[in-house]
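These notes are about the structure you will find just below.
Residue numbering restarts at 1 for every chain, and letters A, B, ... go by the order of the sequence lines. Side chains included, hydrogens not; waters and symmetry mates left out as well; all remaining heavy atoms used. Quantities reported herein were computed from a predicted structural model and do not represent experimental measurements.
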Number of protein chains: 2
Amino acid sequence: MSAQEAELLEKAVDRVETLPARSVVTRRGDRLRESTLLIEGAMCRYLDARDGYRQLLAYHLPGDFVDMHGYTLHRLDHDVATIVESRVATIPHERIDGMMRDHPRLAWMLWRSTLLDAAMHREWIFRLGRLDAAGRLAHFLCEVADRMEAIGRVKDGVFALPLTQQDLGEACGLTSVHVNRTLRRLREDGIADIARGEARIFDKPRLARVAEFDPDYLYLDGGPWAEPQD
Amino acid sequence: MSAQEAELLEKAVDRVETLPARSVVTRRGDRLRESTLLIEGAMCRYLDARDGYRQLLAYHLPGDFVDMHGYTLHRLDHDVATIVESRVATIPHERIDGMMRDHPRLAWMLWRSTLLDAAMHREWIFRLGRLDAAGRLAHFLCEVADRMEAIGRVKDGVFALPLTQQDLGEACGLTSVHVNRTLRRLREDGIADIARGEARIFDKPRLARVAEFDPDYLYLDGGPWAEPQD
DNA sequence: CGGAGCGTTGAAAGCCCTCAACGTTTGTGG
DNA sequence: CCACAAACGTTGAGGGCTTTCAACGCTCCG
């Protein structure tokens with residue numbers, strides 16, 4: 001992303017707010033007139049099940065648009081919430097209209113960001129459909145580790161992951177009890193650990209093997225704002 | 001979609017081909033220079049697991065673009081294959097470039113189609129993460145029924161569904177054996193049945209209840225080519 | 001007519017869930 | 001700074017859903 005485009009995006013921002021932890025930002029069915037860029041913190045998207053449990057659909061890091069698809073679809077089919085206190089920038093859709101018209105490359109980048117979302121969704125389907133508990137947690141850890149790495153937030157295999165075992169269960173289709181047992185297993189095997197809001201990866205190759213993980217789908221070769229290659 | 005836009009799309013088509021059943025069209029990692037519109041037949045997208053099993057990611061009906069995301073991402077992160085013999089139209093990406101530039105409304109529609117894909121992905125995540133075997137099959141049936149309905153291919157609750165029990169298992173994260181047992185249950189309970197390439201829905205309300213299904217995410221209120229509402 | 005793929009059924013084992021209890025950490029107000 | 005409560009994490013036992021393994025019938029097609 002060029003400096004000029006970054007500036008354009010920045011100028012489109014209506015306001016920057018700080019949202020409290022564990023707060024719902026948008027509800028399923030809400031009509032959207034602006035999109036949200038996560039600047040600092042952590043957010044998630046989820047669907048509610050009848051029994052009161054949630055199914056997480058996405059975990060968002062700083063730099064992610066959490067609801068750019070709402071720009072085109074106009075309403076959301078799921079809920080959006082913060083995990084921890086988060087700073088977000090809000091961009092009115094009408095300003096995006098102008099950017100789409102006058103800056104096709106920026107339009108291309110916004111489209112691309114929604115497609116990366118979809119690519120992650122596909123990998124979540126794989127995770128839930130084909131992996132056992134250890135594989136699912138390992139796969140989730142691999143994805144978040146690589147994405148955190150891409151924004152320079154991993155140090156010696158350690159990065160912030162402010163999710164409870166309940167949250168991890170809601171992401172991986174497991175109960176918090178089984179998440180606990182499975183994490184213990186990963187820890188005792190010297191593979192990885194999650195504790196006190198931090199993830200620690202001891203043995204990345206083994207973690208990736210357990211997860212059947214291939215970071216291909218993250219399209220990290222050029223970063224989220226990579227430009228067209230031809 | 002206006003007649004003019006349909007004509008534009010049609011003129012962008014390079015060729016129309018017939019692909020044999022059960023053939024792989026694109027492999028993970030392939031570099032794409034054209035996109036594929038399914039005209040007649042049935043196709044799917046999937047990821048391979050280590051054990052040789054697949055995880056289906058999407059099931060495609062006539063009228064679906066099966067790889068429009070490849071236009072922006074340039075390579076695919078999963079495989080695309082036919083289920084039955086299928087007729088497809090191929091549209092070179094360079095011709096889409098022109099359409100994007102000159103016809104913003106058409107561009108908007110193509111973007112929208114990829115976002116509908118993502119919305120379906122999310123519902124597949126929910127299906128796999130939160131529902132039991134009966135719920136997963138019921139949810140899949142509800143989705144396909146509504147999408148088939150939208151293209152006028154449901155008659156008295158019956159529609160074509162040329163998937164084997166193995167395929168259904170690969171879509172729902174189940175073994176074919178358990179798909180068999182679960183389908184028998186749904187049949188004996190008078191809810192629905194899949195046999196000889198056809199699905200029969202006996203009791204839609206009950207099916208939807210088992211599936212915790214809400215068709216909201218299909219955005220059918222305006223059809224896949226619905227225009228911006230404001 | 002034969003074979004291969006698909007569908008069906010049974011039995012046993014395994015993974016994960018449920019229920020329950022208790023220890024630990026975190027955050028808040030006195 | 002301490003005390004307390006609430007949320008979170010941990011562990012055990014038992015049960016249920018799904019898988020695995022195996023066998024056999026059916027259907028379709030060469």
Euclidean distance, atom [atom1] of residue [X] to atom [atom2] of [N] [Å, nearest integer]:
X        : N      : atom1 : atom2 : value
A:Gln165 : C:dG23 : CD    : P     : 18 Å
B:Leu183 : C:dT8  : CG    : C1'   : 12 Å
B:Asp132 : C:dT18 : CG    : P     : 11 Å
A:Leu168 : D:dT10 : CG    : C1'   : 15 Å
B:Leu163 : C:dG7  : CG    : P     : 10 Å
B:Arg184 : D:dC17 : CZ    : P     : 15 Å
B:Leu161 : C:dG7  : CG    : P     : 11 Å
A:Arg185 : C:dC15 : CZ    : C1'   : 12 Å

Which pair of non-hydrogen atoms, one from A:His69 and one from A:Thr114, has the smallest distance, and what is that distance?
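That would be N-CG2, 4.0 Å.
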Under 3.5 Å, which donor-acceptor pairs do the side chains of residues 178-189 of chain B form with other protein atoms, sequence neighbours left out?
{"from": "B:Asn180", "atom 1": "ND2", "to": "B:Gln165", "atom 2": "OE1", "distance (Å)": "3.0"}
{"from": "B:Thr182", "atom 1": "OG1", "to": "B:His178", "atom 2": "O", "distance (Å)": "2.6"}
{"from": "B:Arg187", "atom 1": "NE", "to": "B:Asp193", "atom 2": "OD1", "distance (Å)": "3.1"}

Are OP1 or OP2 of C:dG5 and a side-chain N or O of B:Gln166 less than 4.0 angstrom apart?
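For C:dG5, OP1/OP2 do not have a side-chain N/O of B:Gln166 under 4.0 Å.
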Counting only side-chain N and O atoms of B:Asn180, is one of them less than 4.0 Å from OP1 or OP2 of C:dT8?
yes
Quick one: label A:Ala195 by what it contacts on the DNA or RNA (base, sugar-phosphate, nothing), any heavy atom closer than 4.0 Å.
nothing
For A:Arg50 and B:Arg209, indicate whether the former's side chain and the latter's backbone hold a donor-acceptor pair under 3.5 Å.
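Yes; judged by distance alone, with no hydrogens or angles, the pair exists.
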Look only at the side chain of A:Tyr219 and the backbone of B:Arg75, and say whether a donor-acceptor pair between them is shorter than 3.5 Å.
yes
Along nucleotides 19-30 of chain D, 5' to 3', which nucleotides get a B, which get an S, and which get a -, given that the test is a protein heavy-atom distance under 4.0 Å?
BBB---------
Go through the side-chain N and O atoms of B:Tyr217 and B:Glu143 and say whether any donor and acceptor fall under 3.5 Å apart.
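Yes, because at least one side-chain N or O of B:Tyr217 sits under 3.5 Å from a partner of the opposite role on B:Glu143.
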Between B:Thr36 and B:Thr90: side-chain donor-acceptor atoms closer than 3.5 Å
no
Does the cation-pi check pass for B:Arg153 over B:Phe159, that is, NZ or CZ under 6.0 Å from the six-membered ring centre and within 45° of its axis?
no
